[in-house]
Amino acid sequence: MCTLTLHDRLINRGFDDEARAGQLRLWAARERFGLPAYQAHDALTDALACAELYLAQVAELRSPRPLTLRDVAVR
């Protein structure tokens with residue numbers, strides 16, 4: 001699951017517009033969810049940043065039942 005693809009779908013839900021320049025950056029996506037800023041371009045830190053972002057994105061999708069990766073990919 002690509003967190004930036006999911007972010008694009010979340011910010012453009014119900015719209016046909018493409019994301020504005022800069023919105024599809026990891027730091028911008030994390031900022032939208034109020035996640036802390038980390039030093040970029042370190043593999044471990046970037047992986048942690050993406051994992052935290054993914055959890056925030058899944059929480060935004062809210063579902064009465066646990067979501068599978070297929071559910072997230074379709075939403």
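- Residues Leu35 and Leu10 are members of one and the same hydrophobic cluster, defined by side-chain heavy-atom contacts under 4.5 angstrom among Ile, Leu, Val, Met, Phe, Trp and Tyr.
- Not counting sequence neighbours, Glu31 has no partner by the salt bridge (Lys or Arg N to Asp or Glu O under 4.0 Å) test.
- When side chains are defined from C-beta on, Glu60 counts as touching Arg32, because their heavy atoms get closer than 4.5 Å.
- Interatomic distance, OH of Tyr38 versus CG of Leu26, reported as 10.5 Å (0.5 Å rounding).
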Steps toward side-chain contact (heavy atoms from CB on, under 4.5 Å) verdict (Thr5, Leu24) = CA-CA 8 Å; Thr5 299; Leu24 294 180; over 6 Å; no

Hey, can you pull the donor-acceptor pairs under 3.5 Å for the side chains in residues 44-51, sequence neighbours left out?
| unit_1 | atom_1 | unit_2 | atom_2 | d |
| --- | --- | --- | --- | --- |
| Thr45 | OG1 | Asp42 | OD2 | 2.9 |
| Asp46 | OD1 | His41 | N | 3.3 |
| Asp46 | OD2 | His41 | N | 3.4 |

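- Here the CZ-CG distance, from Phe33 to Leu55, works out to 11.0 Å after rounding to the nearest 0.5 Å.
- With sequence neighbours left out, Tyr54 forms a side-chain hydrogen bond (donor to acceptor under 3.5 Å, both in side chains) with no residue at all.
- Among all heavy-atom pairs drawn from Gln23 and Ala28, the shortest one is O-CB, 3.8 Å.
- Looking at Cys2 and His7, their side chains never come closer than 4.5 Å, going by heavy atoms from C-beta outward.
- Between Thr3 and Gln57, the shortest heavy-atom distance links the atoms O-NE2, 2.9 Å.
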